[in-house]
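A short write-up of the structure that comes next.
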Amino acid sequence: MTENTHHLEAARLAKLEKIEQLGIDPWGQRFDGHLHIDAARAKCPEENGVDGETVRVAGRLVRWSDSGKLRFGHIQDYTGKIQIAVSKKEVDETTWELVDCLDRGDNIGVEGVLKLTKTGEKTVFATKLVILGKSLAQPPEKWHGLEDIETRLRQRYTDLIYTEGVLDRMLKRLKIIESVRSTLKGEEYFEVETPVLHAIAGGAAARPFITHHNALDIDLYLRIALELHLKRLMVGGIERVYEIGRVFRNEGVDSTHNPEFTMIELYQAYGNYETMMDLAEKIISNAAKVVNDGATVVPWGDKTIDFTPPFARAKYGDLFREHAACDMHDAAAVAAKAKELHIPTENRHPDVIVNDVFEATVEDALVGPVFVIDYPSSMCPLTKRKNGQPEIAERFELFVDGLEVANAYTELNDPRLQEALFKTQLQGLAEEDSMAKMDHDFVRALKVGMPAAGGMGIGIDRLVMLLTNTKTIRDVIFFPLLKPEVF
RNA sequence: GCCCUUGUAGCUCAAUUGGCAGAGCAGCUGACUCUUAAUCAGCGGGUUGUAGGUUCGAGUCCUACCGGGGGCACCA
């Protein structure tokens, strides 16, 4: 960079030096009392020729014409954009020289009078102007902006500034998370933090990332779920508990999977999976309203999703019969259907085959939102069985347009059954593929006594996708995983 | 991991059969006190992802590698 500075950067460096020669710090100083730009816009008179208040605004210069003795530009902050006008007559000589050194991309602060231009645009007519941070990088082209996906993801900072809708969508993500917290606060939940480094990667079926602790000389796993620690806390007396946190799964990347993603898991003593359905409806419909102007019906590509409670509920077995055209308990018929779908059957537990057939035939057909309830219990080693029906687990998954958004159970709190399920691997499932990894301490905790409870996990990234009409997960994550860039 | 596709100036894109690497925007110099894709005149800007190969000649064809996108697999 130093021995081979690009000519565009060189031009900016020359201006930077000129600013220093004026005795001005090109990197800026404290600037108090600025209004957010949306607030400034709200204060601007609506009538031509009327002087409004004198205000201070600050932000990034995203349009600039450095010509003549009256110059216009737009500055932008996270609340919006407003035009500024700088007239040579209205500012002192040093400021006018500073104005000559401004480039698109610079951060500036402006004090001036709010009024409309002759063409009716809300404008701050500057009486003072300061630089709050020089930009040395050439911004993207003003009309097309940044379109190269790789550049947008690697240089998210630039993407956030110059690509229409990116910052807005990410702010919606933050508001959705705020809304989830606020809904749970209303339900008297406590938010906690539990370890990310696990000795046993339990609570879900996924390949973990492995890391190493030097001083203890032990390998550890980055967590793949939050479940087992939160249940321990319920044993400890925190009746309603949740965590919003990052989980890590060492798997492929596609439009709905990022190796690290954000989950909320929550547990409610004395509840069950029906309690969780009611809560899921509250959490999701509230969040939908926050980012869709109060509406619970939201656009989703060329479809519309109605998140107005209550959501539909359908039994796993019924959906199976409807879409796979056979009974899930009829092993021969299921095997035939599996063969038809090129799903392997050899040495695999019948319920694993059922599940594969279910995924192949049912899931994509579910537009929803729909709670799929009552799963085959063999695939649910952490879930309570239905009274008198040990082959059915009180579990639901919430599907929206084929996307799994939430997963919940009536929690298994029988330590003897839990221990037995940890010991029994499903045929045809490698241990690393199983959710049932022996965790002796967790069994010990259950022996202390966990109250009957409901619990739920929601994929926050996918929820944000659905509520912001975004089809790829990388567009709702600030910094999705990419292979390292070579400099 | 496999298949398809893609990589040219800061950005967005051209480049005919393999035949002098171009444009717009942005930048620089000058003019302009109501502009907003400002306008007008002039000027500069390239390791065509990287490394090889074929050829008189490669942005273009071939091989490998690197990055991105899409699909498959994985993700019960």
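In what follows, chains carry the letters A, B, and so on, assigned in the order in which the sequence lines appear, proteins first and then strands, with residues in each chain numbered from 1. Computed over heavy atoms, backbone and side chain alike; hydrogens, waters and symmetry mates excluded.
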Atom CG of A:Asp148 to atom P of B:G49: distance rounded to whole Å?
-> 13 Å
Name the nucleic acid region contacted by A:Lys115, choosing base, sugar-phosphate or nothing; use a 4.0 angstrom heavy-atom cut-off, strictly under.
-> nothing
A:Cys101 backbone acceptor or donor facing A:Lys134 side chain under 3.5 Å | yes
P-based separation of B:G18 from B:U63 [nearest Å] = 16 Å
Is there a donor-acceptor pair under 3.5 Å between the side chain of A:His36 and the backbone N or O of A:Asp38?
-> no
With a 4.5 Å heavy-atom cut-off, do A:Lys18 and A:Asp100 have their side chains touching?
-> yes
Using only heavy-atom distances, determine whether the side chains of A:Thr117 and A:Thr119 contain a donor-acceptor pair under 3.5 Å.
-> yes
Distance-only, no hydrogens or angles: does the A:Arg104 side chain make a donor-acceptor pair with backbone N or O of A:Pro140 under 3.5 Å?
-> yes
Counting side-chain heavy atoms from C-beta on, which of B:C74, B:G27, B:U12 comes nearest to A:Asp254?
-> B:C74
When rounded to the nearest Å, what value does the distance between C1' atoms of B:U33 and B:C28 take?
-> 24 Å
Those residues of residues 90-106 of chain A lying under 4.0 Å from RNA chain B by at least one heavy atom | none
Below 6.0 angstrom between ring centroids: does that apply to A:His323 and A:Phe358?
-> no
Set of residues satisfying salt bridge (charged side-chain N to carboxylate O under 4.0 Å, His left out) with respect to A:Lys303, sequence neighbours excluded | A:Asp401
Can you tell me the distance, in whole Å, between the CZ atom of A:Arg152 and the P atom of B:U12?
-> 11 Å
Give the nucleotide from the list B:G27, B:C11, B:G67 with an atom nearest to the side chain of A:Arg154.
-> B:G67
When you measure from the side chain of A:Leu8, which nucleotide among B:G68, B:U36, B:G10 comes out closest?
-> B:G10
Counting only non-hydrogen atoms, which of residues 462-479 of chain A are less than 4.0 Å from RNA chain B?
-> A:Arg474
Write down the distance between OH (A:Tyr162) and C1' (B:G10), rounded to a whole number of angstrom.
-> 12 Å
Between A:His74 and A:Glu121, does any side-chain donor sit less than 3.5 Å from a side-chain acceptor?
-> yes
Integer angstrom distance from the C1' of B:U50 to that of B:C72 | 28 Å
Nucleotide nearest A:Ala11 (side chain, heavy atoms from C-beta), chosen from B:G27, B:U33, B:C34 | B:G27
Roughly, in whole Å, what's the span from CG in A:Asn258 to P in B:G69?
-> 11 Å
P atom, B:G53 versus B:U60: distance in rounded Å?
-> 14 Å
Do A:Thr470 and A:Arg173 get their side chains close enough for a donor-acceptor pair, meaning under 3.5 Å?
-> no
Determine the Euclidean distance between corresponding C1' atoms of B:G49 and B:U36; express it in Å to zero decimal places.
-> 37 Å
Quick note, A:His7 side chain, CB onward, closest among B:G45, B:U33, B:C11 is B:G45
Hey, does the side chain of A:Glu411 reach the backbone of A:Gly455 with a donor-acceptor pair shorter than 3.5 angstrom?
-> yes
The nucleotide from B:U35, B:G68, B:U33 with an atom nearest the side chain of A:Lys89 is B:U33
Using atom C1' of each nucleotide, how far apart are B:U5 and B:G42 to the nearest Å?
-> 42 Å
Phosphate OP1/OP2 of B:G27 contacted by A:Lys15 side-chain N/O (<4.0 Å) = no
Could you summarise the pairing of RNA chain B as dot-bracket text, marking Watson-Crick and G-U pairs under 3.5 Å with ( ) or [ ] inside the strand and | across strands?
-> (((((((..((((.....[..)))).(((((.......))))).....(((((..]....))))))))))))....
With a 4.0 Å cut-off on heavy atoms, is A:Glu359 in touch with a base, just the backbone sugar-phosphate, or nothing at all?
-> sugar-phosphate
Under the 3.5 Å rule, do the base of B:C11 and the side chain of A:His144 count as making a donor-acceptor pair?
-> no
Between the side chain of A:Glu265 and the main-chain N/O of A:Leu226, is any donor-acceptor distance below 3.5 Å?
-> yes
Please report, to 0.1 Å, the donor-acceptor pairs under 3.5 Å made by any side chain of residues 471-487 of chain A, with sequence neighbours excluded.
unit_1: A:Thr472; atom_1: OG1; unit_2: A:Asp475; atom_2: OD2; d: 3.0

Check each residue of residues 62-82 of chain A for a non-hydrogen atom within less than 4.0 Å of any atom in RNA chain B, then write out the ones that pass by number, or none.
-> A:Arg63, A:Ser67, A:Gly68, A:Lys69, A:Leu70, A:Phe72, A:His74
For A:Glu121 and B:U35, give me the distance from atom CD to atom C1', rounded to whole Å.
-> 9 Å
Checking B:G24, B:C34, B:G68 against the side chain of A:Phe125 (C-beta onward), the nearest is B:C34
Counting heavy atoms from C-beta on, name the nucleotide in B:G68, B:U35, B:C28 closest to the side chain of A:Lys483.
-> B:G68
Could you tell me the separation between the CZ atom of A:Arg12 and the C1' atom of B:C28, rounded to a whole number of Å?
-> 13 Å
How close or far is atom P of B:C11 from atom CD of A:Glu150, stated in whole angstroms?
-> 11 Å
When you check the phosphate oxygens OP1 and OP2 of B:G10, does a side-chain N or O of A:His6 lie under 4.0 Å from one of them?
-> yes
In whole Å, what separates the C1' atom of B:U8 from that of B:G24?
-> 15 Å
Sub-3.5 Å donor-acceptor pair from the side chain of A:Thr95 to the main-chain atoms of A:Lys128, do we have one?
-> no
Euclidean distance for C1', B:A41 against B:G7 (whole angstrom) | 37 Å
A:Arg207 atom CZ is separated from B:C75 atom P, nearest whole Å, by 6 Å
Specify the residue among A:Gln155 and A:Ser255 whose closest nucleotide of RNA chain B lies further upstream toward the 5′ end.
-> A:Gln155
Is the side chain of A:Thr468 donor-acceptor paired with the backbone N or O of A:Arg169 at a distance under 3.5 Å, no angle test?
-> no
Is the backbone of A:Val247 close enough, under 3.5 Å, to the side chain of A:Arg223 for a donor and an acceptor to pair up by distance?
-> no
If only atom types and distance count, is the side chain of A:Glu141 paired as donor or acceptor with the main-chain N or O of A:His144 below 3.5 Å?
-> yes
Please assess A:Gln76 against A:Arg63 for the test side chain to side chain donor-acceptor pair (under 3.5 Å), listing each intermediate value before the final yes or no.
-> CA-CA 9 Å; A:Gln76 169 178 292; A:Arg63 185 179 74 82; over 6 Å; no
Side-chain contact check for A:Glu251: nearest option of B:C74, B:U35, B:C34 is B:C74
